[in-house]
Amino acid sequence: ATTAIYTLSLHDALPISSPAGVLPARILAVSFISTVSHKITYEPLLESLASRGHNVTVMMPTISGKQVPNLTEILTFDLGEFMASVPNWFEMRERGLATVVDRMPFVFGFDAFSKSCSKTLELPHVLALLNQHYDAIIMSALFNECTAGFVHKLNTTLILVSPTFSPSWITGLFGSRTPPSFVPNLFTEFDERMDFWERMSNMCAELFVAAYRSWYFNPAMERIYREKLNDPLIPAADEIMRNASLIFSTSHFSLSRPRPLLPDIVEVAGMHCRPVKPLPKELDEFLTGSGPAGFRSEERRVGKECRSR
């Protein structure tokens, strides 16, 4: 139901009317840096738009392989190759090496992001899309500054999708400020009830992200897309993203921390939910055979034993 609501809203907003009647819109969903966990948050939206007759092209380093009418998937590069070059943050955390800065993908994955950006903008089938016309572009807003230059060359309506709650550096582009006094940074583990030192740490994290993006990460991505697209006049990534007409944020006030959002930042958490499918027989028997207490009590006991060791 949630997907249908936002699909209809986007469907009605697209420029599909013509004197001869109603024509399907041509929509491009593009993200040069994207994982499966990012894509699934808005994949049902793309499939729903296609089911309503729009021609949807999805160009990412991950494809679902589904056969959906009116939806074409284009693979940019092997996602496994990208992930292999990024440090495993979970292993770092287990070894006690993960600080707040270590949790920032554009910091620990900078080399992988740069190489992926450069490689993608050299692919002939990617550059070929610059000769196409699209009525709207849907782009993942998280860590996709490299994609902004490509989007700018297509010169059409831009819609951003945040696969998590919209972080401060995205909402700030639209004038929606998130005070660090009660809005936790995306990479911290604080809630809205922070004490003095937590607020100080949260503010430092915000300042670090702003400085790193402004002075290091964004300029590097901008140099790459200006060089690869042979256009030194392409604007800065934040300027391009600031011109987006809408942000779909995978958050909801009932689940996320309180944060002030302007009307063009729409919370759509749950849009990715699909009808429930029956569990496989073995898993269903395991769950139903665990007794009235379920299996969580056993999980807690094992967890305590592991911590005590």
Side-chain angles (χ1 to χ4, degrees), residues 33 35 37-38 41 86-110 112-113 140-145 160-221 237-238 241-242 247-270 272 296 299-300 302-309:
I33 307 297
T35 60
S37 61
H38 286 198
T41 59
V86 177
N88 189 317
W89 182 81
F90 296 100
E91 292 181 357
M92 292 168 58
R93 187 174 186 180
E94 288 178 359
R95 297 198 306 266
L97 303 178
T99 64
V100 172
V101 174
D102 293 325
R103 300 184 191 122
M104 300 178 181
F106 46 65
V107 176
F108 68 75
F110 176 79
F113 282 29
S140 176
L142 213 56
F143 317 128
N144 263 290
E145 285 76 4
L160 298 178
V161 179
S162 177
T164 179
F165 66 82
S166 296
S168 56
W169 67 86
I170 299 297
T171 60
L173 297 176
F174 293 79
S176 186
R177 304 297 177 181
T178 52
S181 58
F182 68 91
V183 179
N185 180 274
L186 177 62
F187 305 110
T188 65
E189 298 180 349
F190 303 137
D191 59 22
E192 70 277 12
R193 296 179 178 86
M194 292 178 274
D195 60 28
F196 175 78
W197 293 112
E198 288 172 339
R199 290 183 179 185
M200 287 291 292
S201 299
N202 193 56
M203 185 179 69
C204 289
E206 288 286 311
L207 293 174
F208 177 85
V209 170
Y212 187 85
R213 290 187 71 255
S214 299
W215 298 337
Y216 192 69
F217 185 79
N218 282 20
M221 298 299 114
D238 280 353
M241 295 170 69
R242 187 180 290 115
I247 298 181
F248 284 150
S249 176
T250 308
S251 58
H252 193 266
F253 66 88
S254 64
L255 302 172
S256 306
R257 306 298 182 188
R259 61 190 68 244
L261 297 176
L262 293 177
D264 50 0
I265 303 173
V266 184
E267 295 190 297
V268 295
H272 63 292
R296 289 183 59 85
E299 180 185 20
R300 290 195 190 97
V302 173
K304 290 180 180 177
E305 289 180 356
C306 292
R307 285 193 294 271
S308 64
R309 292 174 185 174

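Nothing fancy with the numbering, it's 1 onward along the sequence.
- Here the closest non-hydrogen pair linking R213 and E145 is NH2-OE2, 2.8 Å.
- Taking S162 as the reference, nothing meets the side chain to side chain donor-acceptor pair (under 3.5 Å) condition, with sequence neighbours excluded.
- Between T171 and T178, the closest heavy-atom pair is OG1-CG2, 3.7 Å.
- Atoms CG and CZ, from L186 and F165 in turn, are 4.5 Å apart once rounded to the nearest 0.5 Å.
- In this structure, I265 CD1 and I247 CD1 are separated by 4.5 Å, a value rounded to the nearest 0.5 Å.
- Looking at every heavy atom in both residues, M241 comes nearest to A141 through CE-O, 3.7 Å.
- Below 30°, between 30° and 60°, or above 60°: for F143 and F113 the angle between ring planes is between 30° and 60°, a tilted geometry.
- Between F174 and P263 there is no side-chain heavy-atom pair separated by less than 4.5 Å.
- When all heavy atoms of D238 and N218 are compared, the pair lying nearest together is OD1-ND2, 3.4 Å.
- When side chains are defined from C-beta on, S37 does not count as touching P163, because their heavy atoms never get closer than 4.5 Å.
- Between R242 and L173 the shortest heavy-atom distance is CG-O, 3.2 Å.
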Exercise. Please lay out, stage by stage, how S166 and S249 fare under the test side-chain hydrogen bond (donor to acceptor under 3.5 Å, both in side chains).
Key: CA-CA 6 Å; S166 296; S249 176; 3.1 Å; yes
Sequence neighbours left out, cut at 3.5 Å: what donor-acceptor pairs do the side chains of residues 198-208 make with other protein atoms?
residue, atom, partner, partner atom, Å
E198, OE1, D195, N, 3.0
R199, NE, S181, O, 3.1
R199, NE, M194, O, 3.4
S201, OG, W197, O, 3.0
N202, OD1, N185, N, 2.7
N202, ND2, P180, O, 2.8
N202, ND2, V183, O, 3.0
E206, OE1, S168, OG, 2.6
E206, OE2, S168, OG, 3.2
E206, OE2, N185, ND2, 2.7

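- Minimum interatomic distance between P167 and L142 (heavy atoms only, all atoms of both residues): CG-CD1, 3.8 Å.
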